[in-house]
Amino acid sequence: MIGAVVALLLSIAQGGWQFIRPAGVGGPVPPLGVAMGFLPKDNKNTFNIVITMAEASPVENTARMVHEIDGLLAANPLVVNYQNWIGQAGVPDFNGLMQGTAARTGENVAEIRVNLLDKHQRSESSITFVRELRLKIEAIRTRYPGAG
């Protein structure tokens, strides 16, 4: 009975073990650790791109970066449409509320809501699409010091 209780407690503690890492929470999973995420990844039809420029950036620089990203989105056949919010956060959704991005305002913030083809009409998952898009956006981001 004691062994079963100890095993149960160790299995419960295993989720918390991921926070005790030499490289921090984002580091590699330690031995006996289990990679965990708060929300499971899913093949969604929509996603948001959240942009934060350097604190003193004028809204024109924020808009310039957003329009460069718009060019990437417009050229992709999987993207049905997208909407930009420059100087404020977009319409709050569950992720925005959980991540604390729903109430952001200022000349240095922007958000792009991207709608993809229905997941039944495309062969590529939204997760794969976003990973590939992230690399292209990173190339744009490097041209704007302090952007994130």
Report yes or no: do [X] and [Y] belong to one cluster of Ile/Leu/Val/Met/Phe/Trp/Tyr joined by side chain heavy-atom distances under 4.5 Å?
X	Y	answer
Ile86	Leu73	yes
Leu116	Val80	yes
Val114	Val50	no

Verify whether one side chain among Asn45 and Arg122 offers a donor that lies under 3.5 Å from an acceptor in the other.
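Yes, a side-chain donor-acceptor pair sits under 3.5 Å.
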Any donor-acceptor pair under 3.5 Å linking the side-chain atoms of Asn108 with those of Thr62?
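Asn108 and Thr62 do not have a side-chain donor-acceptor pair below 3.5 Å.
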Is any side-chain heavy atom of [Y] closer than 4.5 Å to one of [X]?
X	Y	answer
Glu124	Leu78	yes
Val109	Gln88	no
Trp85	Asn48	no

For a side-chain contact (heavy atoms from CB on, under 4.5 Å) check, start with the C-alpha distance between Tyr144 and Met53, then their side-chain angles and the critical distance, and finish with the verdict.
CA-CA 8 Å; Tyr144 296 89; Met53 301 291 283; 3.6 Å; yes
Exercise: identify the closest heavy-atom pair between [X] and [Y]:
X	Y	answer
Ala102	Ala89	O-CB, 3.4 Å
Ala110	Val66	CB-CG2, 3.5 Å
Ser11	Leu8	OG-O, 2.7 Å
Pro145	Ala54	O-CB, 3.8 Å

Arg143: which residues meet the salt bridge (Lys or Arg N to Asp or Glu O under 4.0 Å) condition with it, sequence neighbours left out?
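Scan of Arg143 (salt bridge (Lys or Arg N to Asp or Glu O under 4.0 Å), adjacent residues dropped) gives Glu68.
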Point-to-point distance, once rounded to the nearest 0.5 Å, from [atom1] of [X] to [atom2] of [Y]:
X	Y	atom1	atom2	answer
Met65	Asn61	CE	CG	10.5 Å
Leu117	Phe129	CG	CZ	9.5 Å
Arg131	Ser125	CZ	OG	7.5 Å

Do you know which of Ile112, Asn84, Asp70, Leu72 makes side chain to side chain contact (heavy atoms under 4.5 Å, CB included) with Ile49?
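Exactly one pass, corresponding to Ile112.
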The test is side-chain contact (heavy atoms from CB on, under 4.5 Å); show your working for Phe47 and Leu133 and say whether it passes.
CA-CA 12 Å; Phe47 65 92; Leu133 182 65; 3.8 Å; yes
What do you reckon, is CD of Glu138 surrounded by more than 12 foreign heavy atoms closer than 6.0 Å?
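For Glu138, atom CD is crowded (more than 12 foreign heavy atoms under 6.0 Å).
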With side-chain contact (heavy atoms from CB on, under 4.5 Å) as the test, would you mind laying out the steps for Lys136 and Ile140 before giving the verdict?
CA-CA 7 Å; Lys136 296 174 184 175; Ile140 293 172; 6.0 Å; no
